[in-house]
Amino acid sequence: MINIKFPDGSVRTYDEGVTAYEIAMSISPRLASDVLAANVKFESDAPESKGTTYDLNRPINADAAVSLLKWDDDDAKRVFWHSSSHLLAEALESLYPGVKFGIGPAIENGFYYDVDLNGASITEADLPKVEKKMMELASKKEEFKRIDVSKAEALSYFEAKGDQYKCELISELEDGTITYYENGAFTDLCRGPHLRCTDVIKAVKLTAIAGAYWRGDEKRQQLTRIYGITFPKKSMLEEYIKVMEEAKKRDHRKLGKEMELFTFSSRVGMGLPLWLPRGSQLRYTLETFLRKRQAALGYLQVVTPNIGSKDLYVTSGHYAKYGKDSFQPIHTPQEGEEYMLKPMNCPHHCEIFRSAPRSYRDLPLRYAEFGTVYRYEQSGELHGLTRVRGFTQDDAHLFCRPDQIQEEFEKVIDLILYVFKTLNFDNYLAQVSLRDPNNKEKYIGSDENWAKAEQGIIDAAAAKGLQTVVEYGEAAFYGPKLDFMVKDAIGRKWQLGTIQVDYNLPERFQLEFTDADGSKKRPVMIHRAPFGSLERFTAVLLEHTAGHLPLWLAPDQVKVLPVSEKYADYAKKVCELMNNSEIRASIDSRNETLGKRIREISMLRVPVLVIVGEKEVADGTLSVRREGVDQGSMPVEAFIDYFKAEVAKELSE
RNA sequence: GCCACUUUAGCUCAGUCGGUAGAGCAACGCAUUCGUAACGCGUAGGUCGCCAGUUCAAGUCUGGCAAGUGGCUCCA
């Protein structure tokens with residue numbers, strides 16, 4: 001007999017080898033039908049262990065704490081979707097004999113399987129057929145069977161099948177730890193865990209087909225990746241599809257068009273956004289917001305040119321690292337000099353630092369610039385405003401004494417959090433991006449400096465109480481980063497704010513300051529950009545707000561609508577009063593019905609509409625409508641006070 | 001850059017078996033002077049992404065190129 005402890009603290013005894021499914025049945029059949037997997041933590045496991053996700057049918061052979069996992073648990077979803085990928089594979093094998101399989105994991109929303117169709121092709125038009133096959137197999141109530149297998153057996157099975165991908169995976173595994181899972185006629189190399197039976201999969205949608213390199217290596221075979229999502233209830237799939245459709249409505253590319261913010265032209269060039277007047281106003285407001293804050297924090301605004309001599313980037317190391325993969329040098333016609341489009345601002349700022357002797361008393365020096373940079377991004381990577389070839393960073397470089405790094409770094413974290421808070425970005429992820437310890441040749445600088453810089457970031461994030469995740473291999477080539485990641489409307493992650501500690505560029509540029517004792521010392525640089533870039537930040541901001549920007553940021557804050565042209569003079573008068581109070585107001589007195597003008601202006605997401613007609617002219621008032629909601633009528637002065645109070649509220653800390 | 005798909009009026013989209021293109025909105029004109037999300041009538045607007053090919057005939061079929069979309073790889 002073994003003791004099984006439940007999350008509520010109660011303990012029951014079962015025969016050794018009992019399964020989680022049997023345990024659930026012993027509590028209630030209803031529970032057993034809802035349970036998808038179990039978390040099992042043996043008494044022999046380390047105290048800090050989170051336990052192991054177990055198949056419902058896998059025997060439990062020792063005393064353990066067991067919690068039964070239902071759909072709401074992320075671990076259960078993962079099992080559900082992982083099993084769904086095996087169901088997809090089974091369907092594909094029956095429809096496309098000879099298909100070979102790469103890997104088929106669960107992902108954040110669903111699953112995929114990478115397959116080699118052996119010369120056959122599959123298009124989106126074929127997906128309904130595959131979905132139908134999957135549902136047919138699911139309804140057969142096929143059990144997932146876990147089977148231990150030796151390495152030799154596994155290799156000979158997949159060699160006979162001709163599946164070189166599985167053979168490659170098996171060859172890297174240790175004998176004695178290899179398991180198969182079988183569902184119906186399909187056998188897969190898999191560590192599991194899986195569902196008990198396919199019949200809990202009640203709804204499936206294959207969402208996309210894409211190419212994906214085998215093992216993520218662009219030099220290797222490209223496989224066909226089929227993405228899908230499944231649910232235990234049909235209604236959940238319908239709900240999911242509805243949510244995705246809603247999310248697509250807030251795509252910044254669609255909003256950018258509707259709100260007349262930006263456009264692209266293939267004649268200008270791909271990935272080169274054109275900011276329309278309303279978008280430029282938005283961008284300018286964002287710049288002013290940050291500029292003001294930075295001035296208060298002791299930043300000094302600088303301006304540097306859009307090109308720089310190739311030598312500058314040879315010195316910085318950027319040329320060696322990115323030279324071949326960037327826009328190629330521009331040559332002067334007479335002297336044959338080589339210039340590059342500025343891909344980043346740091347080298348220019350280093351030269352500003354070098355332009356005069358610096359004392360320890362001068363530091364930290366904080367040079368800020370809304371610097372436009374150009375980077376060659378692969379054509380397939382370009383995406384709306386989130387990934388472009390020409391963009392403007394809200395960049396600054398802080399030249400510090402070593403003893404100032406910690407404090408300066410923490411102040412930058414505060415600034416980024418201030419920006420995020422003002423714009424209601426609460427779902428960000430702080431990511432500590434360190435260098436890949438197995439791939440040090442990708443980076444410049446000494447191990448000692450890297451260790452110092454990495455520790456500095458970890459300490460500063462901890463001091464600020466930030467919840468962070470650590471990612472290896474995500475550092476910049478000259479230093480580690482603290483990146484603030486935010487998701488877009490459909491869940492793609494983008495890096496916005498970033499802070500980087502850099503010991504390397506000061507060395508390459510031979511930067512120095514005179515310390516208190518008269519000796520020359522090397523400063524440390526902090527690179528930082530709270531928005532990241534104005535382009536990407538605008539994109540994510542639009543998706544977060546669905547275009548309903550806060551009042552202070554809206555390009556057009558107020559539109560004044562005279563009911564008919566008879567009241568245009570009054571409209572003009574109140575509009576001027578607002579403009580004098582620095583409210584971005586304008587008049588729409590077009591010869592169109594009021595209803596039509598309201599509709600069009602609402603589509604542009606203008607937050608406040610002010611309507612004036614006979615009554616308002618007589619009383620000296622305005623009829624105010626904000627975000628579609630009637631705010632009643634008020635005197636002009638009262639409206640201006642109301643407006644200013646609302647803006648102040650949005651910008652208050 | 002790679003794989004797949006897409007490209008018709010300013011925008012959103014129809015266009016069947018290959019027979020020289022259509023709607024709504026927008027624009028322009030007329031009428032209207034209007035009270036909280038589309039008033040009415042009319043006019044104009046197209047090298048069907050570009051270049052080849054097949055055909056008596058191509059928006060439609062084939063190939064190449066370009067741009068866009070979804071992934072992959074990359075991301076200073």
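All values below come from the heavy atoms of this structure, side chains included, with hydrogens, waters and symmetry mates left out. These numbers were taken from a predicted model, which means no experiment stands behind them. Residue numbering restarts at 1 for every chain, and letters A, B, ... go by the order of the sequence lines.
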Where does B/rC17 land, syn or anti, once you apply the within-90°-of-0 test for syn?
syn
For the C1' atoms, the ones on B/rA66 and on B/rG24, what distance do you get once it is rounded to whole angstrom?
30 Å
Send over the distance from A/Leu382 CG to B/rG70 P, rounded to a whole Å.
11 Å
Using the P atom as the reference point in each nucleotide, state the distance between B/rU47 and B/rU33 in Å, no decimals.
40 Å
With the side chain defined as heavy atoms from C-beta on, A/Lys596 is closest, among B/rU33, B/rA26, B/rG70, to B/rA26
Per A/Gln378 side chain, nearest of listed nucleotides B/rC74, B/rG68, B/rC34
B/rC74
Answer yes or no: does a side-chain N or O of A/Arg492 lie under 4.0 Å from OP1 or OP2 of B/rG70?
yes
Compute whether any side-chain donor of one residue and acceptor of the other, for A/Ser633 and A/Ser623, lie under 3.5 angstrom apart.
no
Provide, to the nearest angstrom, the distance between the NE2 atom belonging to A/His318 and the P atom belonging to B/rA76.
9 Å
Would the base of B/rG71 count as contacting A/Tyr213 through its side chain, where contact means a donor and an acceptor less than 3.5 Å apart?
no
Reckon A/Glu614 touches a base, only the sugar-phosphate, or nothing at all at heavy-atom distances under 4.0 Å?
base
If B/rG59 has a Watson-Crick or G-U wobble mate with both distances under 3.5 Å, name it; if not, just say none.
none
Phosphate OP1/OP2 of B/rG70: any A/His383 side-chain N/O under 4.0 Å
yes
Nucleotide nearest A/Arg590 when distance is taken to its side chain, options B/rA67, B/rA76, B/rA27
B/rA27
Ring pair (Phe, Tyr, Trp, His ring centres under 6.0 Å) partner of A/Phe537, the single match among A/Phe425, A/Phe484, A/Trp494
A/Phe425
Write down the distance separating the P atoms in B/rA26 and B/rG42, rounded off to the nearest Å.
15 Å
Taking atom C1' in both B/rC65 and B/rU7, compute the distance separating them and give it to the nearest angstrom.
14 Å
Can we say A/Glu543 and A/Arg492 salt-bridge, meaning some charged N sits less than 4.0 Å from an Asp/Glu carboxylate O?
no
Could you check whether A/Gln393 gets within reach of a base, just the sugar-phosphate, or nothing at all, counting any heavy atom under 4.0 Å?
nothing
A/Lys615 NZ to B/rU36 P, in whole Å, measures 13 Å
Select base, sugar-phosphate, or nothing to describe what A/Gly380 touches, counting heavy atoms under 4.0 Å on all strands.
base
Checking N1-N3 plus N6-O4 or O6-N4 for Watson-Crick, or N1-O2 and O6-N3 for wobble, each under 3.5 Å, the partner of B/rC72 is B/rG1
If you compare every side-chain N and O of A/Thr123 against the phosphate oxygens of B/rC5 (OP1, OP2), does one of them come in below 4.0 Å?
no
Roughly how many Å is it from CD1 in A/Ile598 to P in B/rC39, rounded to a whole number?
11 Å
Below 4.0 Å: OP1/OP2 of B/rA37 and any side-chain N or O of A/Arg625
yes
Does a nitrogen or oxygen in the side chain of A/Arg599 sit under 4.0 Å from OP1 or OP2 of B/rC25?
no
Between A/Val612 and A/Leu223, the residue closer to the 5' end of RNA chain B by nearest nucleotide is A/Leu223
What integer number of Å spans the P atoms of B/rG68 and B/rA27?
28 Å
With a cut-off of less than 4.0 Å, is there a side-chain N or O of A/Ser379 near OP1 or OP2 of B/rG1?
yes
If you go through the side-chain atoms of A/Arg387, does one of them form a donor-acceptor pair with the base of B/rC74 closer than 3.5 Å?
yes
Heavy atoms under 4.0 Å, any strand shown: does A/Gly613 hit a base, just sugar-phosphate, or nothing?
base
Gap between atoms CD and P, on A/Gln222 and B/rC74 respectively (whole Å)
13 Å
Should B/rU16 form a Watson-Crick or G-U wobble pair with both distances under 3.5 Å, which nucleotide is its partner?
none
A/Glu592 has an atom CD; how far is it from atom P of B/rC39, in whole Å?
7 Å
Within this structure, what is the CH2-NE2 distance for the pair A/Trp81 and A/His86, rounded to the nearest 0.5 Å?
16.0 Å
Reckon A/Met270 touches a base, only the sugar-phosphate, or nothing at all at heavy-atom distances under 4.0 Å?
sugar-phosphate
Nearest to the side chain of A/Ser602, which nucleotide is it out of B/rA76, B/rA37, B/rC34?
B/rA37
Counting only Watson-Crick or G-U wobble pairs whose two distances fall under 3.5 Å, which nucleotide matches B/rG46?
none
Sticking with atom C1', work out how far B/rA23 lies from B/rA14, rounded to a whole angstrom.
7 Å
For atom CZ of A/Arg253 and atom P of B/rU12, their distance in whole Å
13 Å
Taking all heavy atoms of A/Ser589 and all of A/Arg597, pick out the closest pair and write down the distance.
CA-NH1, 3.9 Å
Base partner of B/rA31, which must satisfy Watson-Crick or wobble distances under 3.5 Å
none
Choose from B/rA76, B/rC75, B/rC39 the nucleotide whose nearest atom is closest to any side-chain atom of A/Thr593.
B/rC39
Which of these, A/Tyr374, A/Tyr376, A/Tyr313, A/Phe477, sits in a ring pair (Phe, Tyr, Trp, His ring centres under 6.0 Å) with A/Tyr322?
A/Phe477
Examine A/His527 together with A/Tyr478 and report whether their ring centres are nearer than 6.0 Å.
yes
Touch class at under 4.0 angstrom, heavy-atom based, for A/Ala210 against every strand present
base
Check: A/Asn591 side chain, B/rC34 base, donor-acceptor under 3.5 Å:
yes
OH of A/Tyr367 to CZ of A/Phe399: how many Å apart, nearest 0.5 Å?
7.0 Å
Check whether any side-chain nitrogen or oxygen of A/Lys257 sits under 4.0 Å from OP1 or OP2 of B/rU12, and answer yes or no.
yes
A/Tyr322 on top of B/rA76's base, within under 5.5 Å and under 30°?
yes
By the 4.0 Å heavy-atom rule, please label A/Glu124 as base, sugar-phosphate, or nothing.
nothing
Assess whether atom NZ of A/Lys321 is packed by more than 12 heavy atoms of other residues, nucleotides or ligands within 6.0 Å.
yes
Between B/rC13 and B/rA21, how far apart are the two C1' atoms, rounded to whole Å?
14 Å
Could you say whether A/Gln500 or A/Gly384 is positioned toward the 5' end of RNA chain B, judged by the nucleotide with the nearest heavy atom to each?
A/Gly384
Mind calculating the distance between CG (A/Asp588) and C1' (B/rA38) to the nearest angstrom?
14 Å
